[in-house]
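Just so you know, these numbers come straight off a predicted model, no measurement behind them. Numbers restart at 1 for each chain; the letters A, B, ... are given by sequence-line order, proteins then strands.
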Amino acid sequence: MKKTVADLIDWEAVSLQDDECRADRGFKLKEKLKSEKFDENRETMVEIMTGRELTVEYIQRSGFTKPVLVSRKDDLGLKIPHREFSIDGIRSAVGSRRMVDVLDVRTQKTKPMCMKEWCKYWDSEPREEILNGISLEFSKTRLDLQVTAPRVVRQLDWIDKAWPRHLKELQEDASNSLDDMMYPKVQKFVIMSVANSFMDFHLSFGGTSVWYYVLRGHKVFWLAPPTDKNLLLYENWVKHQDRPGFFGDLAEGACRLDVPAGATMLLPAGWIHAAFTAKDSVVFSGSFLHSFAIEKQLKTCYVEETLGTLERFKFPFYTEMLWYVLDRYVSCLTGKSHLDLPVEEKRRMRLEKGENIDPNKEFVNPGLSEEAPVVPCEHVHLTQAELKGLKFIIMYLMTRPLEAMEVPVIIPDPLSLIASVKDLVFAHMKDCPEKAVTGKYILRWTEDDDVDEDGKSKKIIPRPSDYSHKLAENPFQRKYLKAMSAKKKQEGQRRGMEAPKRRRARCATCVGCKEIDCKTCLACRDMTKYGGAGKVKQSCVRRKCEKPGLPVAAACTVCGKDGWGGSPDHRKQPGQAPSGLYECLLCFDIIHPQCRGDGEAGEFLSRQPNSWGCPKCLGGM
DNA sequence: GTTAACGTCTTA
DNA sequence: TAAGACGTTAAC
């Protein structure tokens, strides 16, 4: 007996939505969910694969032009929190004040909402409107370490393979404010969608490829390939929203794809897609740019340009990224980098004009000594996609007005970089496509570029010089310099992770907790029950708790169970046995020490109960 | 729902 | 740098 999505979908609710949106949409969702037309192309359009098969080699050979569905997460190299991970768990990890972009399903317009409001909406019954939490990027929050992209994504992602590592390292801010962003912060999203959410056809910004892992719920996608014809049709469809219709009916080769819980979909660059949520869903996803889809990536950018897409909906620092990619290709294939410190800083450091300092290398290997050179001794073959892509990048950059070139401040001589890329393209003109399939990505920092340790690079920040003076007119460059000097000031302390650590609660057993109010101290006198104004909001000086513990409802971020191995939401009588949960005082992760049983021992702190330095944070100390 | 008060940000 | 203000969380 085959179980289908049809069993999951609340058809009545869909019909209701169809009635409500009749005028705005010009199509019936119910019909599009059932239409067999979208089943026809699926087999030729979508690759069904296992995690093991999804390798760099596969990408090099195929170019990753078709969506990939992996139904089990085995061998994908994904790291994901436990299944019961709740919306409230997400809220507590990113902070209640964190903003989420929310899509109103009826109007297809987004509005910002804080996590507190969002949780309230999620738990409301019945839900007044259908909202879709589509955009919460959580890098640098407490959720960060619990999620990694599929291995192959981490092996290809330009953000990790081309963006200067020292800049990414400077990122502290967990919000997605462009003012504080030091790298394109788009790698880790959580998408929270209530049942019957629908997101109409759209392109992923910058033509990024996207991975989606469905933790809970069930998603239905409609996918249209990025042929020139479809992109043009899409442009026109967006421009004429007054004459609506289902884009899937206009596009050539559109198909529908179910992505059930536990499955992962990888969507290639430029695919125009829409999504329906069959039941309340939590999805982890991430956007990435890579070298085998440069053409589609840039074509998507042209579409964005034509449509006048707002800056905040675009891939951040897209053009800067292209410069870095060019430098990485030259650097990885010839050993010569065009990155250098800004002229002003070199002067301050009293360095000779000819001396080249790549701040990116300095970061990993201070003192100007060479990082093990990655220059290959034999001729390395490029894939046709890469070769064509490099040419596309040059064209893209050179055809743009001077003020929109966005050359990074650490590339002082962009024209010489362009010349090097042209040489490189020339030298690889006759490369053999078969020999280019090596399973090894050309962009790498070291010979054995380790991708399995997420974000665990050597943390050496280059000597921060004082950049206080006027400098670069370009906002990106100003920001870079500002952050460099800011980093110097804050030296060491200050939490990287934005989310507040879990607030502690009275133990109810210590001498302080058993004491009664003195009624004479400042805090007591201010209490409303003793006739005060109630502004101090502190406990009586005699009642200070000696051993404040984790709240009884705290849960392990690994297994989801509470301090006694039970379900965290269940009422329990406090305080017979001590909680088995420990909060790391460095990363504020709360776990059962045995849940991270990877051999290494943490350091328990007797001073405060349920506290330790976890092995992850203390590793190598 | 109410009450207590934690912890952080603001102010002098 | 300490005192004050107060939003928010935990417990009931």
Practice task
Kindly indicate whether a cation-pi arrangement holds for A/R91 with A/W118, taking the cut-offs as under 6.0 Å to the six-membered ring centre and within 45° of the axis.
Solution key: no

Practice task
Kindly say if A/R543 contacts the phosphate of B/dA5, meaning a side-chain N or O under 4.0 Å from OP1 or OP2.
Solution key: yes

Practice task
Calculate the interatomic distance between A/R97 atom CZ and B/dT8 atom C1'; express it in whole Å.
Solution key: 9 Å

Exercise for the section: Would you work out how much the helix from B/dG1-C/dC12 to B/dA12-C/dT1 bends between its ends, with each end axis defined by five base pairs, to 10 degrees? Expected result: 10°

Problem - Test of ring centre spacing under 6.0 Å for A/Y212 and A/F221 - result: yes

Practice task
May I ask you to evaluate whether A/R504 reaches the phosphate of C/dA10, defined as a side-chain N or O under 4.0 Å from OP1 or OP2?
Solution key: no

Interface polar pairs with nucleotides 10-12 of chain B, N/O, under 3.5 angstrom:
none

Problem - Nearest listed nucleotide, side chain of A/R506, among B/dA5, C/dC6, C/dA10 - result: B/dA5

Problem - Contact under 4.0 Å: A/S539 side-chain N or O vs B/dC6 OP1/OP2 - result: yes

Practice task
With sequence neighbours excluded, give me every ring pair (Phe, Tyr, Trp, His ring centres under 6.0 Å) pair touching residues 81-114 of chain A.
Solution key: A/H82-A/F85

Handout entry: A/D280 side chain vs A/A195 backbone, donor-acceptor pair below 3.5 Å
Key = yes

Problem - A/W163/A/Y183 under ring pair (Phe, Tyr, Trp, His ring centres under 6.0 Å): CA gap, chis, key distance, verdict - result: CA-CA 7 Å; A/W163 193 264; A/Y183 75 102; 7.6 Å; no

Exercise for the section: Classify the side chain of A/Q538 and the base of C/dG4 as holding, or not holding, a donor-acceptor pair under 3.5 Å. Expected result: no

Exercise for the section: Report yes if a side-chain nitrogen or oxygen of A/K501 is closer than 4.0 Å to either non-bridging phosphate oxygen (OP1 or OP2) of B/dC6; otherwise report no. Expected result: no

Completion exercise
Between A/Q608 and A/K529, whichever has its closest DNA chain B nucleotide further toward 5' is A/K529

Exercise for the section: Please answer whether the main-chain N or O of A/G206 pairs with a side-chain N or O of A/E304 as donor and acceptor at a distance below 3.5 Å. Expected result: yes

Exercise for the section: Test for a donor-acceptor pair under 3.5 Å between the base of C/dG7 and the side chain of A/K537, counting only N and O atoms. Expected result: yes

Handout entry: Between B/dT3 (P) and A/K535 (NZ): distance, integer Å
Key = 19 Å

Handout entry: N/O (side chain, A/R502) to phosphate O (OP1/OP2, C/dA10) under 4.0 Å
Key = yes

Problem - Rounded distance in Å - CG (A/L550) to P (B/dC6) - result: 15 Å

